[in-house]
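Structure first, commentary second.
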Amino acid sequence: MCIYDASCDTHFGFCCNVDEETSRELARLPGVLTVRPDPDYNSVKKNYSCSDIQMSNPRSSQIGTTLLFPLGATKHWLVRMDKPGVGVVTKAQMVDRYAQILTKVLGNEKDAQMCIYHVSWQSNYGFCCELDDECAQELAGVPGVLSVQPDENFGSENKDYGGNNLQNSMVPSDSSESSPTQIKTKKLFVTGLSFYTSEKTLRAAFEGFGKLVEVKIIMDKISKRSKGYAFIEYTTEEAASAALKEMNGKIINGWMIVVDVAKTTPKYSRGRPR
């Protein structure tokens, strides 16, 4: 009864009548990017875009966090992605994969979700996001990213994800060196897991590539629920490399997973606490 408008097309969200205490609690829920006053209450047209999300998110002022980027330091980028290693995926799964890719650069999934403003997931794969030059350059080197180029059609829904204009793109020069088959590692990091995926299920999916040392899903200490990511360790680098190549983009329990090399230490961006 509180909801009086909803968006489920390009942008996702809803309008509702709640008090300030409830709105603050709502802003802390997983999946909620922002809660802000509705300036066009009497209008049928609502603005569900994330263009001004940094300034309007109540969590920024209440918790004392700073903006992800200095004002005016960002540009709009179009990111072309490799085709996922599965036949049929849903839009929600692709959006989750794009957010996981951007999280590798920003270090925080919420920040990544807030930066994405357009996605393509059918004939061509990719997304548009708002980043500074340093992050855009770093994103171009992430495995699976084909190119990062300025979004010349920022104000339009028509985007060129086909790769017909790559003269100004940031194509990683060492893409051959970052190929999964040449990465030397025994430990992998898996994200995008369903909350219902067990370690037994994950072990069964990965044990075909070689002998496993450990399969560990990271659990939330308070809720005792999976955080959606896990570490997998093999006895040999060959087995880990094969699993990295074959399992990235596969579907487990209805969710498309992202497989990457496990970092020895967690990465934080711009000195911000995570």
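Every residue was checked against the side-chain hydrogen bond (donor to acceptor under 3.5 Å, both in side chains) condition with N158, not counting sequence neighbours, and none meets it. For the salt bridge (Lys or Arg N to Asp or Glu O under 4.0 Å) test, residues two or more places apart in sequence or in another chain that qualify with K46 are D38. For the side-chain hydrogen bond (donor to acceptor under 3.5 Å, both in side chains) test, residues two or more places apart in sequence or in another chain that qualify with D220 are S223. Legend: residues meeting salt bridge (Lys or Arg N to Asp or Glu O under 4.0 Å) with K75, ordered by chain and number and at least two apart, are D133.
Its side chain within the 4.5 Å cluster rule, F189 clusters with I218, Y229, F231 among the Ile, Leu, Val, Met, Phe, Trp and Tyr residues.
Residues in residues 190-216 take part in no ring-ring contact (aromatic ring centres under 6.0 Å, His included) pair, two or more places apart or across chains.
Residues I257 and I252 come closest through the heavy atom pair CD1-CD1, 3.8 Å. Pairing each heavy atom of A243 with each of L188, the nearest pair is CB-CD1, 3.9 Å. Taking both residues in full, the closest heavy atoms of A239 and Y234 are given as CB-CD2, 3.6 Å, listed atom of the first, atom of the second, then distance.
Side-chain polar atoms of D132 and T74 form no donor-acceptor pair below 3.5 angstrom.
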Verdict with supporting geometry, F127 and H118, side chain to side chain contact (heavy atoms under 4.5 Å, CB included): CA-CA 5 Å; F127 61 93; H118 192 276; over 6 Å; no
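Annotation: side chain of V259 is not in contact with side chain of T191 (no heavy-atom distance under 4.5 Å).
Connection of V258 to L193 is not established within any shared hydrophobic cluster, with ILVMFWY side chains joined at heavy-atom distances below 4.5 Å, either directly or through further cluster members.
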